[in-house]
Amino acid sequence: MKIVKGFRDILPYDTGNSDTSFAWTTTTDQLRQIMKTYNFQEIITPVIEHDSVFKTGIGEDTDIVSKEMYEFVLERDSSTVSKEKILKYCLRPEGTAPIIRSVIENSLSKIKSLNKLFYLGPMFRYERSQKGRYRMFHQIGAELIGSDEILYEVEILNLAKEILTSLNIDNYTFQINSIGNNESLKNISKAVSNFGRKNKDSIEEKDYKILNKNPLRFLDKAVHNYNFKDIPKTIDYLDKKSLKRFNDLTKILDSFNFKYSINNQLVRGIDYYNDLVFEVTSSNLGAQDALLAGGRYDSLMGKFGADESKSIGFAAGIERLILAMKSKNQASNSIDFFIVYQQEEMIEESLRLALRLREVGLSIEVDLLRRSFTKQIKSADKSLAENIIIIGKDNFNNGTIVVKNMASGIEEIVSLKNNIDFFLKKTKGTPNEKK
RNA sequence: GUGGAUGUAGCUCAGUUGGUUAGAGCAUUGGUUUGUGGUUCCAGAGGUCGCGGGUUCGAAUCCCGUCUUCCACCCCA
């Protein structure tokens with residue numbers, strides 16, 4: 001029995017690395033809270049989709065679709081249905097296309113109050129795994145649907161930045177760019193090809209191949225390996241409208257004191273973007289350094305055959321956010337009360353008390369292995385219990401118990417009955433106090 | 001898909017030029033001591049040495065293959 005290659009378990013205990021289930025859930029809780037402050041509402045879609053969602057959504061020629069997607073057909077279907085009718089499924093490699101599929105299918109774009117959506121869940125891509133890159137990874141993403149109003153850009157960028165600052169991530173650069181409309185993209189592509197041919201002699205063969213296959217990718221990635229001057233800039237190929245949008249945006253961002261850098265060679269690996277694209281990279285990460293990325297996608301709904309609905313969004317990699325966090329969310333295993341009993345005949349009383357205290361939300365542990373009194377206290381100590389409750393033979397008969405604070409050593413004798421308030425007060429202000 | 005490294009107890013690692021029943025620390029279990037814990041001491045459990053071949057009288061150690069993980073290319077979040 002072995003876990004599938006490129007996949008991983010997230011374990012509860014801390015073995016020195018920070019990737020525990022505790023760090024995971026506290027981080028995702030935090031992310032959901034941020035979404036709430038921007039009034040984005042969670043949408044949960046299946047991890048399986050028809051392959052057409054991505055083939056038409058993000059483009060058949062992209063690497064994501066052509067080589068990284070988990071595709072499958074069901075054996076059952078393939079034996080009973082004619083070849084043309086076999087349904088092809090896939091594990092979703094990204095979040096935006098399924099969200100848009102759902103928005104169309106459920107007519108969500110007709111309800112103005114539902115135009116701010118976020119998702120959080122696993123994505124799948126068949127890649128060689130390495131630091132910050134797994135075959136199943138998690139993204140949180142936000143989509144703002146229904147307008148090309150420039151304030152949509154502002155809202156999305158502010159939200160993206162809020163995630164970084166809230167999680168206490170630094171050492172990142174926020175890069176933005178505009179790639180204009182379809183036509184400007186074509187012109188940029190042409191310009192890069194020409195530029196490449198002109199400089200063929202000084203470009204390595206590997207990069208030249210990329211240039212021929214996908215000039216835009218060459219512009220995005222490879223061109224910075226060289227010291228070229230006069231590298232084509234996307235901004236020189238924008239039409240008036242796109243250029244104005246970009247200038248308007250930067251003006252507003254400046255007025256907010258939003259720190260960004262313009263990268264006129266930034267394009268993205270997914271086909272549906274137009275105008276604004278952005279990407280945040282972190283120097284804390286290694287080779288897989290993209291923390292979050294996104295952009296505007298005004299034509300995606302049209303591609304799906306629905307009425308055009310202009311939208312913008314982004315996605316962040318949760319594994320990478322956690323990697324980049326300066327101070328990790330450390331697990332605190334501490335519990336409120338560890339109930340120890342001095343003799344076996346007190347076990348039932350201990351369990352009854354545990355039930356009552358758990359009912360009011362306190363975290364309680366009782367030794368279930370009938371171990372010796374000393375062993376119980378030792379394990380209470382290891383469990384980082386704030387207090388222990390001693391059900392001992394001296395007090396048992398007159399209906400009292402001893403409550404001992406483990407840090408101070410102070411003991412109090414209290415009645416066994418009707419003392420819930422006492423226990424609640426005892427834990428006030430501790431990390432285990434909930435709500 | 002391409003390169004380079006890695007793989008010994010739950011964890012971190014030792015293991016000498018191939019030589020008996022493979023070791024340590026931490027963790028774990030039982031006991032002990034400390035008035036009812038963080039301490040001390042004693043004992044125990046736990047390993048197909050990633051897997052499969054080969055060389056050899058003999059392999060954790062050498063050779064080949066394979067898988068995993070990691071790092072980079074690539075791609076991306």
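Labels below follow one simple rule: chain letters A, B, ... track the order of the sequence lines, proteins then strands, and each chain is numbered from 1. Note that the structure is predicted; figures quoted are calculated from it, not measured.
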Discussion item. Suppose we define a pair by two distances each less than 3.5 Å, Watson-Crick or G-U wobble; what does B:A72 pair with here?
Written reply: B:U2
Discussion item. Is there a side-chain contact between A:Arg371 and the phosphate of B:U29, meaning an N or O under 4.0 Å from OP1 or OP2?
Written reply: yes
Discussion item. Between B:A60 and B:G7, how far apart are the two P atoms, rounded to whole Å?
Written reply: 16 Å
Fill in: Phosphate OP1/OP2 of B:C74: any A:Lys206 side-chain N/O under 4.0 Å
yes
Item to complete: Tell me yes or no: between the side chains of A:Tyr226 and A:Asp207, is some donor less than 3.5 Å from an acceptor?
Response: yes
Worksheet item: When all nucleic acid strands are considered with a 4.0 Å heavy-atom cut-off, which category describes A:Lys2: base, sugar-phosphate, or nothing?
Response: sugar-phosphate
Worksheet, complete the sentence: Comparing A:Ile318 with A:Ala407, nearest RNA chain B nucleotide closer to 5' gives the residue A:Ala407
Item to complete: Tell me what A:Ile390 touches on the nucleic acid: a base, only sugar-phosphate, or nothing, going by heavy atoms under 4.0 Å.
Response: base
Practice prompt. If B:A24 has a Watson-Crick or G-U wobble mate with both distances under 3.5 Å, name it; if not, just say none.
Written response: B:U12
Fill in: P spacing across the pair B:G47 / B:A22, given as an integer number of angstrom
12 Å
Worksheet item: Given that both distances must come in under 3.5 Å, which nucleotide forms a Watson-Crick or G-U wobble pair with B:U66?
Response: B:G50
Worksheet item: Is a side-chain donor-acceptor pair under 3.5 Å present for A:Ser311 with A:Glu143?
Response: no
Item to complete: Hey, which sits more toward the 5' end of RNA chain B by its nearest nucleotide, A:Phe373 or A:Tyr126?
Response: A:Tyr126
Discussion item. Heavy atoms only, 4.0 Å cut-off, all strands: where does A:Arg217 land among base, sugar-phosphate and nothing?
Written reply: sugar-phosphate
Worksheet item: Choosing from B:A77, B:G30, B:C71, which nucleotide comes nearest the side chain of A:Lys131?
Response: B:C71
Response to the item:
Checking B:G1, B:U36, B:U32 against the side chain of A:Glu411 (C-beta onward), the nearest is B:U36
Discussion item. So A:Ala315, base contact, sugar-phosphate only, or nothing? Heavy-atom distance under 4.0 Å.
Written reply: sugar-phosphate
Worksheet entry | Touch class at under 4.0 angstrom, heavy-atom based, for A:Gly132 against every strand present | base
Practice prompt. Flag yes if more than 12 heavy atoms outside A:Glu412 fall under 6.0 Å of its CD atom; otherwise flag no.
Written response: yes
Worksheet item: Regarding A:Ser184 and A:Asn181, is there a side-chain donor-to-acceptor distance under 3.5 Å anywhere?
Response: yes
Discussion item. From the set B:A72, B:U39, B:U28, return the single nucleotide nearest to any side-chain atom of A:Lys382.
Written reply: B:U28
Worksheet item: Distance between the C1' atoms of B:C11 and B:A72, in whole angstroms?
Response: 28 Å
Worksheet item: Cation over ring, A:Lys161 on A:Phe258, under 6.0 Å and within 45°?
Response: yes
Discussion item. What's A:Ala380 touching, base or sugar-phosphate or nothing? Going by heavy atoms closer than 4.0 Å.
Written reply: nothing
Practice prompt. For A:Gly141, report the nucleic acid contact type (base, sugar-phosphate, nothing); a contact means any heavy atom under 4.0 Å.
Written response: nothing
Practice prompt. Establish, with yes or no, whether the OP1 or OP2 oxygen of B:C76 is under 4.0 angstrom from a side-chain nitrogen or oxygen of A:Arg320.
Written response: no
Practice prompt. Consider the side chain of A:Lys5, meaning its heavy atoms from C-beta on, and name the nucleotide among B:G38, B:C75, B:U68 that approaches it most closely.
Written response: B:U68
Item to complete: Establish, with yes or no, whether the OP1 or OP2 oxygen of B:C70 is under 4.0 angstrom from a side-chain nitrogen or oxygen of A:Gln130.
Response: no
